[in-house]
Each structure stands twice: as C-alpha cells, then as structure tokens.
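Being a predicted model, the structure only gives us computed values, none of them experimental. Both ligands and their constituent atoms are indexed starting at 1 by order of listing.
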Amino acid sequence: RQEIYRQLRDEPTVTKDGVDVKLQLNAGLLVDLPSMEDAGADGVGLFRTELQFMVASAFPRMQEQHSLYSKVLDAAGDKPVTFRSLDIGGDKVLPYLRLAQEENPAMGWRAIRFGLDRPGLLRTQIRAMLHAGAGRSLRIMFPMVADVAEFQQARDYVERELKHLRQHGHDTPKELKLGVMLEVPALLYQLEEIYKEVDFVSVGSNDLFQFFYAVDRGNTLVAERFEALSPSFLRALRKIVVVGDKMDTPVTLCGELGGQPLAAMALLAIGYRNLSMSPASIGPVKAMLRSLDLSALSEELLKQLEAGKGSEDIREFLSNFASEN
Ligand code: PEP
Ligand code: MG
C-alpha cells in the first residue's frame, strides 16, 4: 500500500469526474515539513504553533518564534502555510505556565481567549509571524473564535503590529490573509457576519464535534456515542461551506475527520474542496478521491440527508458507495 501511495504522489489530486481538490498537511514542528513533499501535499493547512511552546522550558522569545516560522516558510517554498496562533489551555498545557485549576478546561481560558487577555504574548507571536513573512505570502488564523468581535480584536493587533513594523522600516508580507478556525458552534449562527470579515475559514472538526454534541473528545466513555457522519453534524458542516461559497470566502477543514477516507468522501460530497490532515492520511484520501465519481455521490448523499435518514443509514450508504467504486 505504501508503494501505491508513493506512486500517487505526483498524480493530480482530482476526482474521477474531474473535480480538483486540495489536500494539505497538518504540522506543528519543523521536522513535519519534509512530509509535505513526501506525501505530495498542497501546503500546510494547519501549523499548530503551540507545539514549539509545549516542548520548550520557558516561553519562546520573539526571535525563536521568528526563526521557526521563517524556516517553515522556507521549507514550504511556493506552497501556502497557514499558521495558527497559540492554542493552549484545555488539553494543551505549558509546564512553565501555571494556570488556575479549571472545572471545564476545554471550555475555559484557552486559545484566542487567552491570547486576547494576554495581548503581550499574542502581539509578540504576531510580530514574529509578520517578520517571518516579510516579502512573502502569509496566512494567520485564530483558534476557538466564538464571536466576530474576537476576530476583529485579533485583527486590530495584527494591524497595530504591521504599523509598528513599517514605522521602523521593516519589510512586511507582500500578501497577508487572516482567518478563523470554526470550532465553536456559536459561529454557525454568525456565518454571514464572520465571512464578511475574514479572508478564509478553517473548520476544526475535532472541537466543533466536541462542542456540537457536548461530548468530551478524549473521554472513551462517551466519545463513541455520537457519530460525525450523523445527519445533524453533516448538515452543520454543509451549511458552513454553502454559505462560504455564496459569500466567496474560502472554507477548508483541518480536523481529523478529513483524514478518514469515508468521512472525507462525505465532506467532498457536501461541498468541501480543501482538506488538511496528518501526513499518513494523504495517501489513503488521495487514492479514494481519484476513484470517486463525486457528482453521483453528492447527488445521492444530499438526497439521503433531505430524506431524514439516520446515522447508520448514512454510514452504510457511504461504505456501499465506496466498495462499488
Ligand atoms: C480541531 O479542533 O479540529 C483542530 C484542528 O484543532 P486541534 O485538534 O488542535 O484542537
Ligand atoms: Mg481545535
């Protein structure tokens, strides 16, 4: 199988009926970058910057952050990289940052909430990214945004840092795109408003699923109770991409879901064209989509969703479709 995936590496990422898809890589350290070439990925769709913070023994300085981001951009060459600002708190702890014990850490002081309350840290990171992106294209996204105002505040910090850099005669990125992770269900009800503000959206299906069903993603007692290929979750995911298309805002998905071939099939069928996943998933997903008659699948799956089929029917339908192809 590995050999088959290797052979696929330089083949186009296109379905049997000719629909172009982008498959990108989820990464977090410099050592992940060679996987991009090895797997034939179209860029880094999610660079988890917290990894550098988690393996350090103290907050990485601006220079250290800058140096990592520059190397990542160098390694990616012409391919795009989407940096995510620090996503700590919840299950991601920093040994040198002693935070108060929280009753519900996943819903607590984490990600962008932490960043906006500690603007010194967030601005340092933004500055490091802007330095690294000087003269090139740069993409930054913010995790766990639950309200349009949080994105606007974060963007304000980016603009202030840009101004500061210009005033001091530094080069700035030649192109800068700012986006949000869509992983808090509240954003589902502000889709038009958020799409007006951002350059792109990336669905964090791990957290979105967790908060959608109120089910702890790491708790085996409950984690398997609900199904990501349920009609309700698929309808939510579909709405995100339909409104994105309508408003001309690019939507990608970077949770684990995109890396499971059967789920990836469903995501393509409801309208996703850009998925970001761990390196090992790229081969299997690419193999799946190159033999997929997407328009036939899409038509059938949407019918099933409209007909109010249950999760089991949907999964069975997808497996049958996959084995007949
Ligand atoms: C997600 O929530 O789907 C995601 C990609 O982010 P993380 O797994 O790092 O929380
Ligand atoms: Mg997340």
Side-chain angles (χ1 to χ4, degrees), residues 22-29 32 35 41 43-55 72 80-94 102 104-116 122 125 139-147 150-151 154 179-188 194 198 200-219 223 226-230 233-234 236-237 240-241 244 250-260 263-264 266-267 270 272 274-282 285:
K22 294 255 181 283
L23 299 182
Q24 294 187 295
L25 192 75
N26 290 349
L29 294 169
D32 297 330
S35 315
V44 177
L46 164 63
F47 190 85
R48 293 183 161 105
T49 61
E50 59 274 9
L51 268 290
Q52 183 188 30
F53 288 70
M54 289 163 77
V55 299
V72 170
V81 177
T82 302
F83 291 102
R84 176 173 75 183
S85 74
L86 198 54
D87 185 10
I88 46 157
D91 56 338
K92 296 158 184 155
V93 290
L94 302 183
E102 291 180 292
N104 283 307
M107 295 189 280
W109 199 40
R110 54 173 294 202
I112 192 64
R113 304 165 180 187
F114 179 80
L116 293 176
L122 182 62
Q125 184 175 38
R139 299 166 59 84
I140 304 176
M141 66 181 173
F142 302 100
M144 289 287 291
V145 167
D147 197 280
E150 290 177 332
F151 171 72
V180 293
M181 298 273 298
L182 199 161
E183 46 187 354
V184 178
L187 267 198
L188 291 171
I194 195 78
V198 299
F200 67 94
V201 160
S202 187
V203 178
S205 57
N206 307 337
D207 276 309
L208 185 61
F209 180 78
Q210 159 162 276
F211 299 120
F212 190 81
Y213 277 116
V215 64
D216 180 345
R217 64 195 243 190
N219 181 342
F226 298 95
E227 147 88 277
L229 299 181
S230 68
F233 197 54
L234 287 177
L237 293 172
I240 295 168
V241 76
V251 175
T252 66
L253 183 140
C254 65
E256 304 304 322
L257 203 57
Q260 304 161 12
L267 292 168
I270 59 175
Y272 286 80
N274 189 327
L275 305 173
S276 191
M277 58 195 67
S278 55
S281 294
I282 296 208
V285 170

What part of Leu46, side chain, backbone, both or neither, has a heavy atom within less than 4.0 angstrom of ligand 1?
side chain

Within a strict 4.5 Å, meaning less than it, do heavy atoms of the Pro279 and Asp32 side chains meet?
no

How far is atom 10 (O) of ligand 1 from its nearest protein heavy atom, and which residue and atom name does that atom have?
Asp207 OD2, 3.0 Å

Contact check, Arg84 vs ligand 1, heavy-atom distance below 4.0 Å:
yes

Return yes if some donor-acceptor pair links the side-chain N/O of Ser276 with the main-chain N/O of Leu25 below 3.5 Å, else return no.
yes

Evaluating non-hydrogen atoms only, which member of Glu183, Met181, Gln210 is closest to atom 2 (O) of ligand 1?
Glu183

By atom name, which N, O or S atom of Glu183 is the nearest to the Mg ion (ligand 2)?
OE1

Residue Gly204 vicinity, atoms of ligand 1 by number, heavy atom under 4.0 Å
1 (C), 2 (O), 3 (O)

Quick check against the 3.5 Å criterion: does Arg139 have a side-chain atom that pairs as donor or acceptor with the backbone of Gly45?
no

Which residue supplies the protein heavy atom nearest to atom 5 (C) of ligand 1, what is that atom called, and how far is it?
Cys254 O, 3.4 Å

Closest protein heavy atom to atom 3 (O) of ligand 1, given as residue, atom name and distance to 0.1 Å:
Asn206 N, 2.8 Å

For the residue pair Thr252 / Gln24, report whether a side-chain donor-acceptor contact shorter than 3.5 Å exists.
no

Heteroatom of Asp207 nearest to the Mg ion (ligand 2) (N, O or S, atom name):
OD2

Check whether any side-chain heavy atom of Met181 sits under 4.5 Å from a side-chain heavy atom of Met144, and report yes or no.
no

Quick one: does Asp87's side chain have a donor or acceptor within less than 3.5 Å of a partner on Arg48's backbone?
no

Work out whether the distance between some heavy atom of Lys92 and some atom of ligand 1 is less than 4.0 Å.
yes

Judged by non-hydrogen atoms, does Arg217 sit under 4.0 Å from ligand 1?
yes

Using a 4.5 Å cut-off on heavy atoms from C-beta on, say whether the side chain of Leu46 contacts that of Met141.
yes

Which of parallel (below 30°), tilted (30 to 60°) and perpendicular (above 60°) describes Phe114 and Trp109?
perpendicular

Which is it for Arg48 and ligand 1 at heavy atoms under 4.0 Å: side chain, backbone, both or neither?
side chain

